[in-house]
Amino acid sequence: MLPKAYDPQATEDRIYKLWEESGAFRADARSAKEAFAVSMPPPNATGQLHLGHAVMLALEDIFVRFARMRGKEALWLPGTDHAAIATESVVIKKIQKEEKVKDPRTHYGREKLVEKIAEFVEKSQGTIRSQIRKMGSSCDWSRERYTLDPALSRCVNEVFVKMYKDGLIYRGNRVVNWDTALQTTISDDEIEYVDREGTLWTFEYLSAKQTGGEPLFVATSRPETKLGDNAIIVHPDDERYQHLVGRHFEVEWPGGVTRHVTVIADHTVDRAFGTGAIGCTPFHSKVDFEIWQRHKEEILSEPLQVIGEDGLMTEHAGDFAGLSIEHCREHFVAGLQAQGRLLPEEKYVQPLSISYRSKQPVEPIPKLQWFIDVNKKVVSWKGKMMSLKEVMQEVVRCGDVRIIPDRFAKTYFQWIDNLQDWCISRQIWWGHRVPVWYRGEGDGERETYVGVAPPAGAGWEQDPDTLDTWFSSGLWTWSTLIDPVLAGDFSLSLEDLLRQSSDFRKFHPTSVMETGYDILFFWVARMILMSTYATGQIPFKTVYLHGLVRTREGKKMSKSDPQTCIDPLEIIAECGADALRMSMIVGQSPGNDFRLYKEKIGGYRNFVNKLWNASRFVLLECEKAEVDPHTITKLPDLKELSLADRAVLHASEVLIEEATQGLEEYRLSEVGERLYSFVWDFFCDWYLELSKGNANHAVLVHVLRRILKLLHPYCPFVTEELWIAFKPVNAELLITEAWPTVKEERKDPDAYSDFSLVIAVISAIRSLRADHGVEPGAKVSAIIHADCVKLLTSQRAHIERIARLSDLTVDAKAKKHAHAASTFLTGGIEVHVPLEGLIDLEKERTKLTKELKDVERFLTSIQAKLTNKKFLENAPEEVVALEKEKLTNAQEKAAKLQARLKTFA
RNA sequence: GGGUGGUUAGCUCAGUUGGUCUAGAGCGUCUGGUUUACACCCAGAAGGUCACAGGUUCGACUCCUGUACCACCCACCA
């Protein structure tokens, strides 16, 4: 016999092992079955499982288990990401702390440090693997991939070379986002904007003497960058400055440097902000850089870089060279003050760009970097030449890639509209090194080689930079499907590899990409870009975006605040993975954040236990009757079944229908809730209750098996464990069982509605009893007036037992009752419970009066409708019929209430 | 500045093309229960003018417009 309470700790690991050893997770590329593939978004190789992962794993596992049970060849490919910047900075910090090495980069050098990081990854990779298993993830571990696997690295190089040859990848000297803390460039998408209380300084840029009229004032929040100015920008229509446009000036700055600036006119200037004139600092502002590019002809002098990569002022800052930005600013402002050029400063809210990785300010600086051109029309897609941007737009617009919820398509388009060339090179060491080699001296004249493999010959030096981690993860859906053995053969081209890899042929494009909406741009968009370009295929047909997990108070969960942070592993140990999964799926709708808290999870732990005990009950009933549940294979003749049996069969057929359709349409929350309610509110509370003492074992076992199957994607562990007790003799694991299909002949809506009537009657009696404080053990009699005498009489035994009646009288017509009876009206049925001595007549009268009032109010509203000509003309017939029925029922009820009230008068 | 989402019982949320919604669930609250599946339980009850204001419609929680508040995303106001 099963233990009294379900013990997930004693079950889950054992069941997982069973699955893994059975080979149920493994997909077969040669199978004739329809493919269903999901690429698992790879967690950081050094990561720890958090709730974000848990949600992703739960959702994807449901998709995959559902597909597998429906007879599809289901592949869920797991893997990990090398997470370039994140991993490198973690290891560097670790070395600094543990080995007391101040600068691990210079201390160890490139080769040794990369080795140390690899070692660290190797060691910690096992953690996340075992944690993914803890969630019950049915992924194919035989196909596990890592972004730095040789085959995947080769794909990275192949794509880089292909893009380079197509002119999509270029090297350019441009203003990039420099993370001064991490000492690397980052892409535009890795910047966050925060509002900060800033100061706006207004100062005399040009004196009255210089302009020959009014002095020219300029406002800035970054005075120190003015040292790198080569122009002043005004609006072309700004009359205040018309006469200055095109003139050149020498400006002396604090710090002892002099700059040559030109006044130019550009329509991007906002005349209303500050003084309407701004200093142009091309090397420390992307906007200014672009303006400079537009006006290069007019501007005589070159811009200067005054802030270095180290975050200190360069030699161009004169006396301020070597100072930090903040110090330089203080000195510079003081200098302006001393020269009498400064107006009173103002406070204002300034948008500050910070790095999403280091949370430190991002400095725009000029740097020679690698970029992907998103506007060049060299990509062939559906017979047309398009830019990467256009292909990305096209596949979503025409529906090849569907985004759930679809409103995110709009967000996606908006992002693409603003997309600029993607800076892909990083100055860190951990990752895929840019596959470019140089030979010779000097920057410009050096010989350059771009190739998948290093060039032959001596003297070649590889580009020191590595690629943005999203470059490689952008390939994830297909690079993971490339045959690793074939990938070792460099005589094959990328096209050959794709063509010859059976996994790629079978499983790409993948079916669903499920991930958080927060990486729609970072990752989802990049996969679309990379896949369409490199393989000519979309990466996935559907994108399912889940929301972020929040605390009960609606705050983001953060590791730094353990009080609000729920650790999935702790929960699994406490409540089980099934409960955690349910609690994250039910009440969660795609694209919306949701709150998770202990009580909610506790509720689903209770549910899992409820299912466990319902199964125990069925088992006990079988035992009592000496029926072995395993031997039950057939249902008895439907005509011989009791009302409850026919009703539960009907309900379970409807449940199959709804669950199947709901899952097909990705309405996981709704289906989860439906299953929950079926199991608890219908199956346990009514069907099992009625089965006591007169169980039909075949039906019990049959319905329970249906439940286990339907619930398996949500609660794989407990259902698999219970399946062992209930499966038919020849059956194997539940994970590979066939999903139930609807049998129309088992439906019996009449039985179901009759059964519902019985339920309503019992509820009515229970309610009357409780209202009057009848002792729970005491038996009372009841009198029912209803048209369905036959039905109720046939169910008399059930009603008497469950409602605890001494005797039950069923009549078609109302008779006179003793005053001392309480009445309940439900669906045309009149239920009276005579309660001699227990009834407070006044209370009973009040209750009936109140009910009568409600009915009359309702009646008025329906009558208004039914006498409304327009309603009768416009509303569909069935609605009118329905309203008429409601009217009749309400009238009947009102009449009965009135009659009943009269007996109290 | 542009965009998106939210606002439904004390709390967390459902509510699929407008009409079985006289608006549901879970938790919490209250009343009462150790009848051998389950106290991780059972029975019963209380609790909502569906943010606000208009509009469309025979009919609106559901569609449209506007307002308020909250949240998020994007953007070159130095």
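Every chain is numbered from 1 and lettered A, B, ... according to where its sequence line falls, protein lines coming before strand lines. Owing to the predicted nature of the structure, the values given are computational and were not obtained by experimental measurement.
Atom OH in A:Tyr193 sits about 15 Å away from atom C1' in B:G2, given to the nearest Å. For the pair A:Tyr356 OH and B:C73 P, the computed distance is 13 Å after rounding to whole Å. As a whole-Å value, the separation of A:Arg769 CZ from B:U31 C1' is 15 Å. Distance CG (A:Leu352) to P (B:C76): 14 Å, rounded to an integer number of Å. One atom, CZ of A:Phe273, and another, C1' of B:A78, lie 6 Å apart when rounded to the nearest Å. One interatomic measurement links the two molecules: CD of A:Glu877 to C1' of B:C58, which rounds to 16 Å at whole-angstrom precision.
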For nucleotides 61-63 of chain B, print each protein N/O atom paired with a nucleotide N/O atom at under 3.5 Å, atom names and distance only.
none

Give each protein N/O atom lying under 3.5 Å from an N/O atom of nucleotides 42-44 of chain B, with the pair distance.
| unit_1 | atom_1 | unit_2 | atom_2 | d |
| --- | --- | --- | --- | --- |
| B:C42 | OP1 | A:Lys610 | NZ | 2.9 |
| B:C42 | OP1 | A:Trp680 | NE1 | 2.5 |

Exercise. Any chance you could list the contact pattern along nucleotides 3-16 of chain B? Use B for base contacts, S for sugar-phosphate-only contacts and - for none, protein heavy atoms under 4.0 Å, 5' to 3'.
Key: SSS-----SSSS--
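By the side chain to side chain contact (heavy atoms under 4.5 Å, CB included) test, A:Thr551 is found to be paired with A:Glu553, A:Lys555, A:Met557, A:Thr564, residues two or more places apart in sequence or in another chain being considered. Applying the ring pair (Phe, Tyr, Trp, His ring centres under 6.0 Å) criterion to A:Tyr356, with sequence neighbours excluded, gives A:Phe522. Scored by the side chain to side chain contact (heavy atoms under 4.5 Å, CB included) test, A:Leu668 finds A:Leu59, A:Ile62, A:Phe63, A:Ile585, A:Leu663, A:Tyr714 as partners (sequence neighbours excluded). For A:Leu343, the side chain to side chain contact (heavy atoms under 4.5 Å, CB included) partners at least two apart in sequence or on another chain are A:Thr202, A:Phe217. A:Asp593 meets the side chain to side chain contact (heavy atoms under 4.5 Å, CB included) test with A:Tyr517, A:Leu548, A:Arg550; sequence neighbours excluded. Scanning for ring pair (Phe, Tyr, Trp, His ring centres under 6.0 Å) contacts around A:Tyr6 gives A:Trp612, with sequence neighbours left out.
Residue A:Tyr604 has no polar side-chain atom (N or O) positioned under 4.0 Å from OP1 or OP2 of B:C27. For B:C38, neither phosphate oxygen OP1 nor OP2 lies less than 4.0 angstrom from any side-chain nitrogen or oxygen of A:Asn606.
Of the possible polar contacts, none joining the A:Thr281 side chain to the A:His284 backbone as a donor-acceptor pair under 3.5 Å is found. A donor-acceptor contact shorter than 3.5 Å is absent between the side chain of A:His235 and the backbone of A:Gly276.
Only A:Phe858, A:Asn868, A:Lys870, A:Phe871, A:Asn874, listed by number, bring a heavy atom of residues 858-874 of chain A to less than 4.0 angstrom from any atom of RNA chain B.
With RNA chain B read from its 5' end, the first of the two nearest nucleotides for A:Leu882 and A:Pro776 is the one closest to A:Leu882. Each of A:Ala875 and A:Leu688 has a nearest nucleotide on RNA chain B; the 5'-most of these lies closest to A:Ala875.
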Exercise. Could you please spell out the steps behind the salt bridge (Lys or Arg N to Asp or Glu O under 4.0 Å) verdict for A:Glu873 and A:Lys870?
Key: CA-CA 5 Å; A:Glu873 280 165 16; A:Lys870 285 184 176 170; over 6 Å; no
Practice problem: Test A:Trp415 against A:Asp189 for side chain to side chain contact (heavy atoms under 4.5 Å, CB included), laying out the working first. | Solution: CA-CA 10 Å; A:Trp415 176 77; A:Asp189 299 291; 2.7 Å; yes
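With respect to the salt-bridge test (charged N to carboxylate O, under 4.0 angstrom), the residues A:Glu574 and A:Arg605 do not qualify. With respect to the salt-bridge test (charged N to carboxylate O, under 4.0 angstrom), the residues A:Lys886 and A:Glu883 qualify. A salt bridge links A:Asp854 with A:Lys850: the distance from a Lys NZ or Arg NE/NH1/NH2 to an Asp or Glu carboxylate oxygen falls below 4.0 Å. Using a 4.0 Å cut-off between a side-chain N of Lys or Arg and a carboxylate O of Asp or Glu, A:Arg667 and A:Glu658 do not qualify as a salt bridge.
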Do any side-chain atoms of residues 679-689 of chain A form donor-acceptor pairs under 3.5 angstrom with protein atoms, and if so which ones, sequence neighbours left out?
| unit_1 | atom_1 | unit_2 | atom_2 | d |
| --- | --- | --- | --- | --- |
| A:Asp681 | OD2 | A:Ser677 | OG | 3.4 |
| A:Tyr687 | OH | A:Asp645 | OD1 | 2.5 |
| A:Glu689 | OE2 | A:Lys692 | NZ | 3.0 |

Quiz item: Could you write out RNA chain B as a dot-bracket string, with dots for unpaired bases, | for bases paired across to another strand, and Watson-Crick or G-U pairs counted at under 3.5 Å?
Solution: (((((((..((((.....[....)))).(((((.......))))).....(((((..]....))))))))))))....
